[in-house]
Undergrad: 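Got a structure here, written out as structure tokens. Questions coming.
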Amino acid sequence: MVAVTTTVVKLIPKVTVTDLDLKGLTFEHVEYLAKLTIDNPYPVSIPVTEIAYHFKSDGRVIVHVAIPDPGSLKAHGKTDLDVIVKVPHNALRSLVTDVSKDWDIDYELELKLIIDLPVFGNIHIPLTNKGEVKLPKLSDVIFSKKR
């Protein structure tokens with residue numbers, strides 16, 4: 001008798017943070033622009049009713065935001081989303097602690113896509129991405145040459 005093993009591959013959308021840039025500064029918070037790419041492996045577009053996310057640094061939740069009605073994820077394709085991340089000044093201490101260790105921001109982005117399927121109702125798809133944003137050195141900023 002021959003043993004046959006099968007592997008079940010879960011097809012879930014995958015999120016990637018493609019860029020994270022400083023956008024602005026106010027008296028209340030610092031704004032970052034996070035560029036996300038969500039890869040949908042399904043042959044149909046997925047209507048998203050809400051995206052909820054936690055942005056963490058150094059193991060601490062820096063910000064939690066919900067984005068209502070961001071649109072749909074393209075079928076068998078990648079959908080780009082620009083997300084504004086507003087970090088309150090009182091949370092900057094966590095970022096400063098992280099930056100002081102190795103001059104980068106180690107982050108974890110936990111997203112929850114909420115989709116509304118007929119008959120089934122709201123379905124929550126959790127997505128996670130970890131990475132780091134390297135910060136430029138002061139000497140790089142001062143002595144950079146524009147070409």
Side-chain angles (χ1 to χ4, degrees), residues 8-147:
V8 176
V9 177
K10 285 186 170 183
L11 293 176
I12 59 170
K14 180 182 175 189
V15 65
T16 305
V17 178
T18 57
D19 198 12
L20 184 66
D21 292 319
L22 179 66
K23 183 172 190 244
L25 179 66
T26 70
F27 287 112
E28 294 84 30
H29 57 265
V30 177
E31 286 186 1
Y32 294 93
L33 175 63
K35 295 182 181 250
L36 309 178
T37 299
I38 302 175
D39 190 5
N40 177 11
Y42 294 107
V44 296
S45 66
I46 299 175
V48 180
T49 59
E50 182 178 300
I51 295 176
Y53 68 89
H54 285 74
F55 183 80
K56 296 180 178 181
S57 177
D58 201 27
R60 296 181 186 100
V61 174
I62 302 297
V63 73
H64 171 76
V65 174
I67 302 168
D69 196 22
S72 295
L73 303 180
K74 296 175 189 170
H76 278 303
K78 296 181 180 190
T79 303
D80 294 325
L81 293 173
D82 288 347
V83 176
I84 300 295
V85 179
K86 295 180 181 181
V87 180
H89 290 301
N90 62 2
L92 289 177
R93 184 172 50 202
S94 294
L95 290 176
V96 169
T97 302
D98 182 29
V99 168
S100 67
K101 293 177 188 173
D102 52 7
W103 203 246
D104 66 18
I105 299 172
D106 299 309
Y107 69 85
E108 181 176 2
L109 184 64
E110 294 177 348
L111 283 124
K112 186 184 330 173
L113 300 178
I114 302 170
I115 60 175
D116 185 18
L117 296 177
V119 180
F120 296 104
N122 284 347
I123 304 291
H124 297 240
I125 301 173
L127 306 171
T128 302
N129 181 271
K130 292 181 181 184
E132 65 182 26
V133 177
K134 288 286 186 189
L135 299 175
K137 295 178 184 172
L138 187 57
S139 61
D140 294 340
V141 173
I142 294 172
F143 301 113
S144 69
K145 295 180 182 178
K146 293 188 178 184
R147 298 179 195 233

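Only heavy atoms go into these numbers, but all of them, side chains included; no hydrogens, no water, no symmetry mates. Count residues from 1 along the sequence.
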Undergrad: Could you state the interatomic distance from CG (L113) to CG (N122), rounded to the nearest 0.5 Å?
TA: 12.0 Å
Undergrad: How close do V48 and P70 get, heavy atom to heavy atom, and via which atoms?
TA: O-CD, 3.5 Å
Undergrad: Taking atom NZ of K130 and atom NZ of K56, what is their separation to the nearest 0.5 Å?
TA: 8.5 Å
Undergrad: Mind listing the closest non-hydrogen atom pair of G77 and D39 along with its distance?
TA: O-OD1, 3.3 Å
Undergrad: Does any N or O in the side chain of T79 come within less than 3.5 Å of the main-chain N or O of K74, such that one atom is a donor and the other an acceptor?
TA: yes
Undergrad: With rounding to the nearest 0.5 Å, note down the distance linking OG1 in T49 to CG in D69.
TA: 8.0 Å
Undergrad: If every non-hydrogen atom of I84 is compared with every non-hydrogen atom of Y53, which pair is closest and at what distance?
TA: O-OH, 2.9 Å
Undergrad: Identify, with sequence neighbours excluded, every residue that meets side-chain contact (heavy atoms from CB on, under 4.5 Å) alongside E50.
TA: A52, A66, I114
Undergrad: Under the ring-ring contact (aromatic ring centres under 6.0 Å, His included) rule, collect the residues that match up with H54, sequence neighbours excluded.
TA: H64
Undergrad: Which pair of heavy atoms, one from L73 and one from N40, lies closest together, and at what distance?
TA: O-ND2, 3.7 Å
Undergrad: Just one of T18, D82, D80, L109 clears the side chain to side chain contact (heavy atoms under 4.5 Å, CB included) bar with L36, so which one?
TA: L109
Undergrad: Taking all non-hydrogen atoms of both residues into account, name the closest pair between S72 and P47 and its distance.
TA: OG-CA, 3.4 Å
